[in-house]
Amino acid sequence: MISTFANPLKFMNATRWVGPVLLGLAVITLGVGIYIGLFIAPADYRQGDAARIMFIHVPAAMMCMGVYSFMVSASISSLIWKHALADIAGKSAAPIGTVFTAICLITGSLWGKPIWDTWWEWDARLTSVLILFFLYLGYMAIWSAFETQQKAARAAAILCMVGAVNIPIIKWSVEWWTTLHQKASIRLADDWREKLSKPSEIIHSELPEPFLSPLLTVLVGYGLLFGALVIMNMRAEIYARRAEVLIQRRYAEEDED
Amino acid sequence: MQKQNMAEGVLLPLFFRELKLAWSGGGGAALPVGFYAGAATLTPLALGPATDLLQAAGPGVLFISLALASLLPMERLFQADLEDGTLDVLASSGASMTGIALSKTLAHWMASGLPLALVAPLLWVMLQGPGEAVLIVLGISLLGGLAFFFIGSIGAALTAGVRRGGLLIALVALPLYAPATIFGASALYAAAEGRDWTGSMALCGACALVAIALGPFASGAALKTALD
Amino acid sequence: MQKQNMAEGVLLPLFFRELKLAWSGGGGAALPVGFYAGAATLTPLALGPATDLLQAAGPGVLFISLALASLLPMERLFQADLEDGTLDVLASSGASMTGIALSKTLAHWMASGLPLALVAPLLWVMLQGPGEAVLIVLGISLLGGLAFFFIGSIGAALTAGVRRGGLLIALVALPLYAPATIFGASALYAAAEGRDWTGSMALCGACALVAIALGPFASGAALKTALD
Amino acid sequence: MVNLLNVSKISASRGYRTLFRDLSFSASTGDILELRGENGSGKSTLLRILAGLTRAESGSLKYEIEGDVSSLKFPVHFLGHQDGIKAQESVEDQMIFWARFFQADKAEIRPALERVGLWKRRDVPGRGLSAGQRRRLSLARLLITYRPIWLLDEPLAALDVKGQEIVKELIAKHTSEGGVVVAAMHGHGFENAKVIEVKPFSKKIKTIPTNSLENA
Amino acid sequence: MVNLLNVSKISASRGYRTLFRDLSFSASTGDILELRGENGSGKSTLLRILAGLTRAESGSLKYEIEGDVSSLKFPVHFLGHQDGIKAQESVEDQMIFWARFFQADKAEIRPALERVGLWKRRDVPGRGLSAGQRRRLSLARLLITYRPIWLLDEPLAALDVKGQEIVKELIAKHTSEGGVVVAAMHGHGFENAKVIEVKPFSKKIKTIPTNSLENA
Ligand code: HEM
Ligand SMILES: Nc1ncnc2c1ncn2[C@@H]1O[C@H](COP(=O)(O)OP(=O)(O)OP(=O)(O)O)[C@@H](O)[C@H]1O
Ligand SMILES: Nc1ncnc2c1ncn2[C@@H]1O[C@H](COP(=O)(O)OP(=O)(O)OP(=O)(O)O)[C@@H](O)[C@H]1O
Ligand SMILES: [Mg+2]
Ligand SMILES: [Mg+2]
């Protein structure tokens, strides 16, 4: 398994079909989850249909942090083992994470208008997610600013690791500062280790069951989508670098004529 | 042949030289101070002379100006040495990059961060802040400046020798400035309104500590890349 | 051997090249924009989320940030060309220094002043300014930016190649920024409160005109001295 | 033969030191003048004075050019220690700028770059150029538009053997077309060159610049 | 005789171009290595690799120094095209900084500056130095503290005849004391030097960096 991800050749062979397959699964899961969320789940008794935006917003919010954490681990392995695939994984994940963050911000604003009567508030959680968005942008900007891939990879990895301090801030901002945004209601149950045999009870939620299951379905769908897109991005990047090596050869030959 | 003790051999001479160069020109230590003072002087002109608005906006404006002024010297922090070859000599001498980054950042903080903090009480009074709080303002500005300089130096090192360095520094560093800005400004407001400012100030100090502890390592690693 | 027509021969190519360099890196055109946006984003963090305070302070903060952001590219406006020898070649070709100063300043205004004006309406809305006024904000920022850039370029030329250039620019330019700041900010406040903004805006425009008319001559003369 | 360049009795000093005093010389079509002297004797300073960049302390300087160059205030190409190469711009783009600036034909760019051996590296950004390649790029700038007087500061520095050959040929061609070359040099020089020694003035003469307050 | 420096099979490329491949050489006490090659062939790049500033694409590099230098990560003096001279600092102040940085005795400064002929100009700020004087100042830096390996990029550039003599003597002295000198050179070289040709790799060899993704 490890060697599959350490060797570009094996990676390319192993993932030829993984991308499309994951993509198909993601479309199905997302379709089901969103359908249940928008049409089958009951309307919230206080917020009405506005609450349905939750099924997009909450999983996207979870994903934007998850993707960043993925990039942090890619950066660590890139700096320690100096492996090209780890660089490529981080680089490929960034745009996807940016989009999840944007979805979280946009759906949050849309939701905020009816509930808080404002599109935007300088609340701790909202602000820290905005900062995450800027961090994603900075990460991608660093990648494009350097002339050589190796340099860019190292600089981007350093930035990614420094930015990691923002993740716990997002996660716990609602606990540390009493603000507008609501606190976490979905988390691992305190005694989740003992419940491993009963998967349905690992997750402790204050949300009623009809809200929870579509939400988790969309989350799984997002996860599959992320997996599919990362793998496809990585393959594209590897092809692009191969093309670069071919150009290099051309230049070398032209020089000698 | 002498033995090279890294702590003394690199840190101190580099620190003192940076300090001297920053003031004797080129290093641009004075720009932030002029900028900070300018910002605070223009504020009453732009906001109008109404005292209550000034009092309400003053602490916030002061702290933002501090953050932005601290960002200014960052563009040239490592770039000048990179361009003129000084960094080549420093690095090929076997000195640790972390040490180089640390002494340069500290020297620049001494050269511009300290003066920034020292003029802060003055500007505070100009912006109609209560006179009793000047010492607290000084303390908060010291801590905030440390955080801003050490965070900024990461951005500076990451973007040294890169096209479009300027925007990149702002893009990379400003998001990381946010926590220190929030805590610092809220401590200033608390001081202005006579509330308890210790909690926010402690958090601002924590930001500074984290920045000092992590910054030089990140900057050093980034500088190695820039030389390559 | 072609005849060298100064208007075309110097102004246009230099203008376009500066514009390109400013964006493709080194020229630092992007720093002011990032800085401006950063300043406006940090403002609510520092002032706190209270909408009425933001609305009261917003226009003033916006215009000061514009003035300060315009000051940023000034330090390197002529210094880079002076240091790398480009100015030697330009000057020894017989081109007029006034023309050189004019095209460089105009190019930098296009590269950073224009984007600054374009993002101003966005930041205006973020700082809770009334949406109807965005076009006025754009206009005032355009005029203010022109004034700031052409006044700043005098400071830049005077201090190019001088020790402690940074502080000097701030010292020379900021006092000259005061009239444009006062008129521009008061026009913004008028627009925010639905009062008549035309008078202040006209005065701000007058500042810009004077700056454009006199700036290049002063800068050109100062540059000649810097080369010597 | 026409005197293109007349220099009479110019002096220069830097800091508290007089570099040279009352230097006079002239150059007519086809001349190569070699400025020679120790490090720090003032060759670069003299070239900057000739290029109109620095003011001489005293003395006069006159260019006498015939023909269609009256609108050129300074009919010179100046190549200094500092080469004015932008780190982020490619070789070709830099040449395009100079071609436009000197109102030269863009078609001149390719031959000029080929002449100095940089055409194949036209895509390399300024920061990627080696020391010799930078020098070659500066030389290419002189080739896109004709100016009768070339002021060159150590034109052979950093060049490899082939590059030095190229410069010598370029200079021979320029002078054979009626141009003048003034070059600061160390080491081997050009054929048929007139040597001008740039020396610190003799110890006996006291340093009292004519416009000094000391006379007051 | 000890091998101070062992270089085996290093390669470097820039942009899309491979500069050199699988270059191997070694140097033992007293050796002078001259790097030779056309402009842009990669001499400066190779020196930067030897100085630990740039990473080689592949290959290995080893310094074997005996004695009390174990705490030196890199027992080298590096003198590049860029000279690290600060415009606003005087010659003497710059030397004082380097002396402290290298933990050398301050008493070494005067003899070093006298050796390169700059002692009388010790008050001149960096921006006032002529091209040759800058070079001399960089050389003086090597003299204040002993390091066995000198990496010099075109040490004779910009120097006048006397200056070139001085460099040759300094190098002869350094090697006679057991040091090693690696110098990138054009034109006349040093006596008893080993020449290392830095050449673009031949067409026959294909460019496949070992860690390339192309193998995938
Ligand atoms: C732009 C504005 C907003 C942003 C950036 C934002 C961001 C976030 C983030 C980062 C999470 C954390 C997910 C996790 O803990 O894993 C979250 C969760 C959540 N948000 Fe928002 N949010 C915004 C607006 C809103 C609004 C207006 C509401 C509705 C009142 C809302 C309701 C929720 C809910 C119910 C959760 C799930 C909390 C849980 O059960 O763990 N959000 N949001
Ligand atoms: N501020 C100053 N104080 C004293 N001397 C100065 C000052 N500025 C410049 N100088 C001197 O002026 C001279 C400038 O010389 P210049 O650059 O013209 O020499 P050069 O003949 O071109 O030398 P090289 O062969 O090394 O290029 C130097 O000797 C320098 O020391
Ligand atoms: N981005 C790039 N794209 C293509 N080629 C590049 C790039 N950056 C650098 N190069 C090439 O790398 C080489 C660097 O060479 P280096 O400076 O080591 O040469 P050198 O042997 O020292 O030459 P010189 O004798 O002129 O000093 C040059 O040929 C340059 O064109
Ligand atoms: Mg010279
Ligand atoms: Mg070289």
Next on the checklist: Can you tell me which portion of B:Leu188 sits under 4.5 Å from chain C's heavy atoms? Options are side chain, backbone, both or neither.
Outcome noted: neither
Item to check | Contacting moiety of C:Ala67, where chain B heavy atoms sit under 4.5 Å | outcome: side chain
Checklist entry - Pick from B:Leu174, B:Val61, B:Leu68: which one has the most heavy-atom pairs with chain C under 4.5 Å? => result B:Leu68
Checklist entry - Which answer fits C:Tyr189, side chain, backbone, both or neither, if we ask what part of it has an atom under 4.5 Å from a heavy atom of chain B? => result side chain
Next on the checklist: Counting only heavy atoms not in B:Met110 (residues, nucleotides, ligands), do more than 12 fall under 6.0 Å from its CE?
Outcome noted: no
